[in-house]
Amino acid sequence: MIQLFVNRERELDFLNRKYSENSSQMIVLYGKRRIGKTELIKKFIEDKDGAYILCTNDSTEENIKEMKDKFAALTEKEYFRDIDVSSFYSLYKYLSAAQLL
């Protein structure tokens, strides 16, 4: 199925404005299923250094492992794969300490 990016210019503009600000931020994107949230994020990061990470119903450990792999690929710092953490908070502290946010 071909995915179309339609009528999301306002949201994309908002994300780009936030991205250009000189501060770390977390933006939560939520909504009903099948309305284009994933396509919006993928479109937003296509010309930026970023990673799309979809957390699943798997265990927290599996989701953290996926994030560590994505962080390692994004930063080209293999040590992310070996970090021993048990929470997303701890993992983000490492990412923040690497001064990459």
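What you are looking at is a predicted structure, and each value in this text was computed from that prediction instead of being measured. All heavy atoms count here, side chains included; hydrogens, waters and symmetry mates do not.
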What distance separates [X] [atom1] from [Y] [atom2], expressed to the nearest 0.5 Å?
X: E62; Y: M67; atom1: CD; atom2: CE; answer: 13.5 Å
X: F88; Y: L91; atom1: CZ; atom2: CG; answer: 8.0 Å
X: K18; Y: M26; atom1: NZ; atom2: CE; answer: 13.5 Å
X: E76; Y: D49; atom1: CD; atom2: CG; answer: 9.0 Å
X: K65; Y: D69; atom1: NZ; atom2: CG; answer: 4.0 Å
X: I41; Y: L15; atom1: CD1; atom2: CG; answer: 5.5 Å

Is the shortest side-chain N to carboxylate O distance from R81 to E78 below 4.0 Å?
-> yes

Okay, side chain of [X], backbone of [Y]: is any donor-acceptor separation there less than 3.5 Å?
X: N16; Y: L12; answer: yes
X: K70; Y: Y52; answer: yes
X: K37; Y: G31; answer: yes
X: K68; Y: I83; answer: yes
X: D58; Y: N63; answer: no

Joint hydrophobic cluster, L29 plus I35, side-chain heavy atoms closer than 4.5 Å | no

V85 and S90: which non-hydrogen atoms are nearest, and at how many Å?
-> CG1-CB, 3.7 Å

Do F44 and Y19 pass the ring-ring contact (aromatic ring centres under 6.0 Å, His included) test, and can you show the C-alpha distance, the side-chain angles, and the key distance before you say yes or no?
-> CA-CA 10 Å; F44 169 68; Y19 182 79; 5.8 Å; yes

Has R17 got more than 12 heavy atoms of other residues, nucleotides or ligands less than 6.0 Å from its CZ?
-> yes

State whether F71 and K77 meet the cation-pi test: NZ (Lys) or CZ (Arg) under 6.0 Å from the six-membered ring centroid, and within 45° of the perpendicular axis.
-> no

Checking K93 against Y89: charged group under 6.0 Å from the ring centre and within 45 degrees of the axis?
-> no

Any side-chain heavy-atom pair of F80 and L74 under 4.5 Å = no

